[in-house]
There are 2 protein chains.
Amino acid sequence: MRQIKHPTIEQVELTDIMYALADPTRLEIIALLAKAGKKLTCGEINLNRPKSSMSHHFKILRGAGLVQTLIEGTEHMNSLRLEEIEQKYPGVLSAVLKALTKD
Amino acid sequence: MRQIKHPTIEQVELTDIMYALADPTRLEIIALLAKAGKKLTCGEINLNRPKSSMSHHFKILRGAGLVQTLIEGTEHMNSLRLEEIEQKYPGVLSAVLKALTKD
DNA sequence: TCTATTGTTCTATATTATTCGAACAATGAT
DNA sequence: ATCATTGTTCGAATAATATAGAACAATAGA
């Protein structure tokens, strides 16, 4: 059961985070993950877009260090790396999440 | 002395803010404006890039509602719209600024 | 009026990103 | 083994962005 590689929190950079969050689709994904408060499969995050498009966005979110993906069987379980990001960049992600739920 | 048009705080959208902040040059501009704590001319924000490039980035920062530019004579005085943005999206901009000064 | 200063706009180019169908890989079930 | 499921990767088309030189506009000063 090979797992996907993620950046360590030390490797995470602010510009990558900002870039990843600068897309409406990815903000939706982030918002859904935060709202769920638990791991979600890609399939459960249904934004009516092709699989390949969603996969692309997940790749960017993972690369930025915002999302962690654990492979369990055929499913990919996604969760926010909220605590880690908060520790490295206090307030950034939580403030964005708060702003997202407001709209 | 015609002034430049800016979006009202009601017109400001989170995705525009995130997009504007997803560029290293623009983050530098934001950081310098915050550090200065006062209005700066475009010339005072010297990042060793052509005027036209800088103008482009200022245009995006203005369009996102992050920067206000007042024309005074031949100079354009730039300042952060920190209070307004903080009120609409509490913590977002201040947390990013804090993260920027850390690096 | 002529000139210098400040910054924008125009234009073109190179780079990068988004999108999505199709093929592929890994796992689980029959 | 075969097939269904889940999601990634590939490839190509399209769109958006950054960059920067050149021309331009607005103002101030001599």
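Residue numbers start from 1 in every chain, and the chains themselves are labelled A, B, ... in the order their sequence lines are given, proteins ahead of strands.
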*Residue list, side chain to side chain contact (heavy atoms under 4.5 Å, CB included) with A:A95, at least two apart or on another chain*: B:V92

_Derivation of the side-chain contact (heavy atoms from CB on, under 4.5 Å) call for A:Y89 and B:V96_ = CA-CA 8 Å; A:Y89 299 119; B:V96 170; over 6 Å; no

_B:L21 side, atom CG; B:I60 side, atom CD1 - distance, nearest 0.5 Å_ = 11.5 Å

*What string of B, S and - do you get for nucleotides 7-12 of chain C, 5' to 3', if B is base contact, S is sugar-phosphate-only contact and - is no contact with any protein heavy atom under 4.0 Å?*
BBB---

_Spacing between B:I71 atom CD1 and D:dA25 atom P, to the nearest angstrom_ = 15 Å

_Polar side-chain atom of A:N78 near backbone of A:H76 as donor-acceptor pair, under 3.5 Å_ = yes

If you restrict it to nitrogen or oxygen atoms, what contacts under 3.5 Å exist between nucleotides 11-16 of chain D and the protein, and what is each distance?
none

*For A:E84, what residues pass the salt bridge (Lys or Arg N to Asp or Glu O under 4.0 Å) criterion, not counting sequence neighbours?*
A:R81

*side-chain hydrogen bond (donor to acceptor under 3.5 Å, both in side chains) with B:E44: which residues, sequence neighbours excluded?*
B:T41

*Is there a residue in residues 23-30 of chain A whose heavy atoms reach under 4.0 Å of DNA chain D, and which residues are they?*
none

*Under a single-linkage definition using a 4.5 Å side-chain heavy-atom cutoff for Ile, Leu, Val, Met, Phe, Trp and Tyr, are A:M77 and A:L40 assigned to the same hydrophobic cluster?*
no

_Need one value for B:I45: base, sugar-phosphate or nothing, where a base atom within 4.0 Å counts as base even if backbone is also close, heavy atoms only._
nothing

_Atom-to-atom span, NZ of A:K39 to C1' of D:dT6 - whole angstrom_ = 17 Å

_Measure CG/B:L61 against P/D:dA18 and give the value in whole Å, please._
10 Å

_Taking the axis from the first five pairs and the axis from the last five, what angle separates them in the helix from C:dT1-D:dA30 to C:dT30-D:dA1, rounded to 10 degrees?_
20°

*Could you tell me which residues satisfy side chain to side chain contact (heavy atoms under 4.5 Å, CB included) with A:K5, sequence neighbours excluded, listed by chain and number?*
none

*In whole angstroms, how far is the P atom of D:dT8 from the NE2 atom of A:H6?*
10 Å

*Yes or no on side-chain contact (heavy atoms from CB on, under 4.5 Å) for A:L14 and A:D16, after CA distance, side-chain angles and deciding distance?*
CA-CA 5 Å; A:L14 184 65; A:D16 293 335; over 6 Å; no

*Restricting to pairs with a member in residues 53-68 of chain B, which pass side-chain hydrogen bond (donor to acceptor under 3.5 Å, both in side chains), not counting sequence neighbours?*
B:R26-B:H57, B:R62-B:T69

_Once side-chain hydrogen bond (donor to acceptor under 3.5 Å, both in side chains) is applied, do any residues pair with A:E10, and if so which ones, sequence neighbours excluded?_
A:T8

*For A:E28, what residues pass the side-chain hydrogen bond (donor to acceptor under 3.5 Å, both in side chains) criterion, not counting sequence neighbours?*
none

*Distance, rounded to the nearest Å, where A:L47 contributes CG and C:dT19 contributes P*: 11 Å

*Calculate the interatomic distance between A:E72 atom CD and C:dA29 atom P; express it in whole Å.*
14 Å

*Identify, with sequence neighbours excluded, every residue that meets side-chain hydrogen bond (donor to acceptor under 3.5 Å, both in side chains) alongside A:E13.*
none

